[in-house]
Amino acid sequence: MPGTFGSILDTLRHTVGADAAYLSVLSGGRVPTIDEATLDLAALRATMERHGPVWSALLEEDLDPDTSIVRQRDDGSTSTAPLGVRIAQVIHHGTDHRSQICTALTSLGLTPPEIDVWDLADSQGRLAETPATT
């Protein structure tokens, strides 16, 4: 798809790999980064399922969004940003690429799954709607 990261599989690999890298940095290395380049769908899913509880535990901590987080890259370079910015990037990055995958699926004539936060809340019984009275 023009304007997207790449194929659906490559976009999934990139998204899961980036998520693992973000989690590694934010969790102080509690999880390793991954080499996502050759992972199939089952391995990508297994990676995300392993990381889910680590994300949950991290986000349940008493986090200070202004805490400075330094990322050390393999090439020796670093990036420094507040925790709140890094968490916002995690959310934005995943949302952007999931949207690209939905666009690619639609272009193939497939109906993508609902990935909206409202749909998630509704599926978990966490959304209440009251009909209009007029």
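At least one side-chain heavy atom of Ile115 sits under 4.5 Å from a side-chain heavy atom of Arg98. The side-chain heavy atoms of Phe5 and Ile101, taken from C-beta on, include no pair separated by under 4.5 Å. Put simply, the side chain of Leu44 does not reach to within 4.5 Å of the side chain of Asp40, judged on heavy atoms.
Leu39 and Asp35 get closest at one heavy-atom pair: CG-O, 3.9 Å.
Taking the six-membered ring where the residue is Trp, His14 and His97 present perpendicular rings, their angle passing 60° and hence far from 30°.
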Q) Passes side chain to side chain contact (heavy atoms under 4.5 Å, CB included), Leu63 versus Leu83? Steps please. A) CA-CA 8 Å; Leu63 300 174; Leu83 174 63; 3.8 Å; yes
**Q.** Criterion side chain to side chain contact (heavy atoms under 4.5 Å, CB included) on Thr11 and Thr15, from CA distance to verdict
**A.** CA-CA 6 Å; Thr11 305; Thr15 304; 4.1 Å; yes
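With Thr47 contributing its side chain and Ala43 its backbone, the two residues share a donor-acceptor pair below 3.5 Å. A donor-acceptor pair is defined here as one N or O able to donate and one able to accept, closer than 3.5 Å; no such pair exists between the side chain of Arg71 and the backbone of Thr78.
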Donor-acceptor contacts under 3.5 Å from residues 24-34 side chains, at least two apart:
| residue | atom | partner | partner atom | Å |
| --- | --- | --- | --- | --- |
| Ser24 | OG | Val31 | O | 2.9 |
| Ser27 | OG | Leu23 | O | 2.7 |
| Ser27 | OG | Arg30 | N | 3.1 |
| Arg30 | NE | Ser27 | O | 3.1 |
| Arg30 | NH2 | Glu61 | OE2 | 3.0 |

Which side-chain N or O atoms in residues 104-111 pair as donor and acceptor under 3.5 Å with protein atoms at least two apart or in another chain?
| residue | atom | partner | partner atom | Å |
| --- | --- | --- | --- | --- |
| Thr106 | OG1 | Cys102 | O | 2.9 |
| Ser107 | OG | Ala104 | O | 2.7 |

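Residues satisfying the side chain to side chain contact (heavy atoms under 4.5 Å, CB included) criterion with Ala18, sequence neighbours excluded, are Tyr22, His93. Contacts of Val117 classified as side chain to side chain contact (heavy atoms under 4.5 Å, CB included), with partners at least two apart in sequence or in another chain: none. Under the side chain to side chain contact (heavy atoms under 4.5 Å, CB included) criterion, Thr4 pairs with Met1, Gln100, sequence neighbours left out. Remark: Ser77 engages Arg73, Asp75 in a side chain to side chain contact (heavy atoms under 4.5 Å, CB included) (not counting sequence neighbours).
From Trp55, atom CH2 reaches atom CZ of Arg50 across 15.0 Å, with rounding to the nearest 0.5 Å.
Arg86 and Thr67 form no side-chain donor-acceptor contact under 3.5 Å, judged by distance and modelled atom types alone.
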